[in-house]
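In what follows, chains carry the letters A, B, and so on, assigned in the order in which the sequence lines appear, proteins first and then strands, with residues in each chain numbered from 1.
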Number of protein chains: 2
Amino acid sequence: MTETIRGRIRPARRLTLTEDVYETIKGLVMDHTLPPNERVNIDALARELDVSPTPVREALARLESDGLVRKRPLSGYTTTPLLSRAEFDDLFDMRLLLEGDSAARAAANASTANRQRISTEADATVGVEAGDGYRRHAAFTALDAKFHDLIAEVAGSALLREAITRLHSHLHLHRLYFPAAQAADTTVEHQRIAAAITLGDPEAATAAMRDHLTAARLRHLPAFDQMPSGPAA
Amino acid sequence: MTETIRGRIRPARRLTLTEDVYETIKGLVMDHTLPPNERVNIDALARELDVSPTPVREALARLESDGLVRKRPLSGYTTTPLLSRAEFDDLFDMRLLLEGDSAARAAANASTANRQRISTEADATVGVEAGDGYRRHAAFTALDAKFHDLIAEVAGSALLREAITRLHSHLHLHRLYFPAAQAADTTVEHQRIAAAITLGDPEAATAAMRDHLTAARLRHLPAFDQMPSGPAA
DNA sequence: GTGGGATCTTTCCTATAGGATGCTTGCCTG
DNA sequence: CAGGCAAGCATCCTATAGGAAAGATCCCAC
């Protein structure tokens with residue numbers, strides 16, 4: 001494991017070391033370089049990142065609030081286990097509620113410029129230079145996240161946008177799986193949402209968003225059959 | 001300020017010092033012993049709580065994720081400023097969305113025992129032993145929070161409950177104000193919600209919850225006229 | 001051979017010290 | 001008298017060291 005981490009640390013050196021470490025560890029958890037449901041040794045991680053344990057502890061405390069790691073009082077930190085089927089359903093139920101409202105608000109409140117931004121973003125696709133396999137999956141996920149966040153931004157509620165972003169972090173706890181063949185479906189669904197928002201029809205926007213999320217949920221379901229080992233009870 | 005903190009620290013000594021410090025500081029921010037929009041000196045706070053700065057830093061990092069304090073890169077932590085009118089409206093819009101759904105799910109899913117628990121909780125009132133003024137306000141707020149959390153628990157979605165709890169923390173950032181004379185109204189509204197849940201009518205439960213929140217929002221509005229000094233821009 | 005206990009090791013948790021950065025105050029110059 | 005600069009100060013940020021608790025392993029007794 002140590003070898004995989006080495007070489008991708010210290011990307012930019014932000015204003016504070018803690019912030020830097022936070023973003024780094026977050027990335028490691030997101031792309032499963034730190035596998036789910038595995039113990040996180042503070043000292044080892046600090047050595048690996050070439051910093052003292054103190055900023056690592058602080059970063060881990062923030063990540064716990066984000067739900068990416070868990071802390072057992074006298075035992076240390078562990079990465080959050082993979083989503084169970086029940087948690088997965090719970091997650092998408094929340095997305096239906098939150099993002100359905102987000103789309104409606106965007107349709108009702110968006111300026112002309114913002115409607116244009118959403119339409120443009122919906123037309124974006126993953127370029128061929130993304131390569132294949134993991135790289136392509138990561139690029140596609142980022143594109144999808146950007147589209148949903150853009151709508152949340154235009155919706156105009158800071159609280160709503162924050163909640164949606166938080167949910168998106170949890171989605172990364174899902175198995176890294178996506179059938180590339182269905183990427184085109186996602187683009188079409190995004191364009192339907194954008195069209196409803198452009199027309200300023202809140203109800204249609206909500207419906208389009210809910211259709212999209214329902215379809216996305218179905219697309220993700222096969223991942224549960226992919227790996228026989230479910231998350232620990 | 002130091003004098004007000006002294007004497008209310010170290011309430012129980014939990015498993016870990018950090019957890020203890022986190023709960024303590026959270027309480028200090030909640031009841032405005034640490035006034036909103038004020039600088040938080042880490043060293044001073046550590047001396048006051050009689051611990052080293054390290055656990056204080058860790059607790060502050062968690063509180064930042066909760067939205068109770070903010071961290072400016074090279075300047076230190078400050079308590080979150082009071083809610084502006086726009087943020088207040090945003091907060092209640094979110095509560096309408098989340099708790100409306102929470103009530104509906106509770107009505108649809110609750111067991112007989114849980115319906116009974118909700119009805120009992122709705123009938124609870126603040127005893128006379130709570131005293132007057134601030135003490136009474138705190139007791140009433142706790143009772144209200146418990147009722148809403150109970151419904152969220154029964155609703156059966158961990159994500160939904162967590163989001164509602166998070167919102168409730170933000171509500172404490174509002175001015176400490178509540179007209180005691182209208183406490184009875186709140187009890188009546190709670191009982192209407194409980195009745196709809198007991199009957200197993202999701203739509204009625206949502207409607208009752210939304211009526212309650214709309215009324216509560218109106219009850220809180222005068223607080224904005226109470227103090228002439230609005231939050232800093 | 002199995003169960004219990006004690007010891008040992010690993011890891012987390014807390015505390016203290018030093019270096020660096022930003023902010024404020026006072027002084028000087030135009 | 002006003003604006004800018006510099007020095008001092010306070011505060012945050014990072015690093016290292018020591019103490020404590022929990023888990024694992026080994027040994028002994030039954």
Hey, does B/Val40 reach any base, or is it just sugar-phosphate, or nothing, if we go heavy atoms under 4.0 Å? sugar-phosphate

A/Ser75 or A/Glu58: which one's nearest nucleotide on DNA chain D is closer to the 5' end? A/Glu58

Do A/Glu58 and B/Thr54 come close enough that some side-chain heavy atom pair is under 4.5 Å? no

First encountered from the 5' end of DNA chain C, between A/Arg39 and B/Pro53: A/Arg39

Measure the distance from CZ on A/Arg57 to P on D/dA15 and round it to the nearest whole Å. 15 Å

It should be established whether A/Ser52 places a side-chain nitrogen or oxygen under 4.0 Å from OP1 or OP2 of nucleotide D/dT14. no

Give the rounded distance in Å between these two atoms: CG of A/Leu45 and P of C/dT10. 19 Å

Please report, rounded to the nearest Å, how far the P atom of D/dC13 is from the CD atom of B/Glu64. 10 Å

For B/Arg72 and C/dT21, give me the distance from atom CZ to atom C1', rounded to whole Å. 14 Å

For side-chain contact (heavy atoms from CB on, under 4.5 Å), just list the numbers for B/Arg95 and B/His168, CA-CA rounded to whole Å, side-chain angles, deciding distance to a tenth of an Å, and then say yes or no. CA-CA 9 Å; B/Arg95 290 192 71 188; B/His168 237 287; 3.8 Å; yes

Using the side-chain contact (heavy atoms from CB on, under 4.5 Å) rule, pick out the option among B/Val40, B/Val21, B/Asp43 that qualifies with B/Val56. B/Val21

Rounded to whole Å, how long is the line connecting atom OH of B/Tyr22 with atom P of C/dC13? 17 Å

From the set D/dC12, D/dA15, C/dT14, return the single nucleotide nearest to any side-chain atom of B/Ile42. D/dC12

Atom CZ of B/Arg47 to atom C1' of C/dT16: distance rounded to whole Å? 14 Å

Among C/dA15, D/dC12, C/dC12, which is the nearest nucleotide to the side chain of B/Asp43? D/dC12

Short side-chain N/O contact to D/dC12 OP1/OP2 from B/Asn41, under 4.0 Å: yes

Could you tell me the separation between the CD atom of B/Glu19 and the P atom of C/dT14, rounded to a whole number of Å? 11 Å

Rounded to whole angstroms, how far apart are CZ on B/Arg70 and C1' on D/dC12? 20 Å

Which of these nucleotides, D/dT14, C/dT16, D/dC13, is closest to any side-chain atom of B/Lys71? D/dC13

OP1, OP2 of D/dT14 versus side-chain N and O of A/Thr18: anything below 4.0 Å? yes

Tightest non-hydrogen contact, residues B/Leu171 and B/Phe92, listed as CD1-CE1, 4.2 Å

Give the C-alpha distance, both sets of side-chain angles, the deciding distance and a yes or no for side-chain contact (heavy atoms from CB on, under 4.5 Å) between A/Ser102 and A/Arg161. CA-CA 8 Å; A/Ser102 175; A/Arg161 186 184 183 187; over 6 Å; no

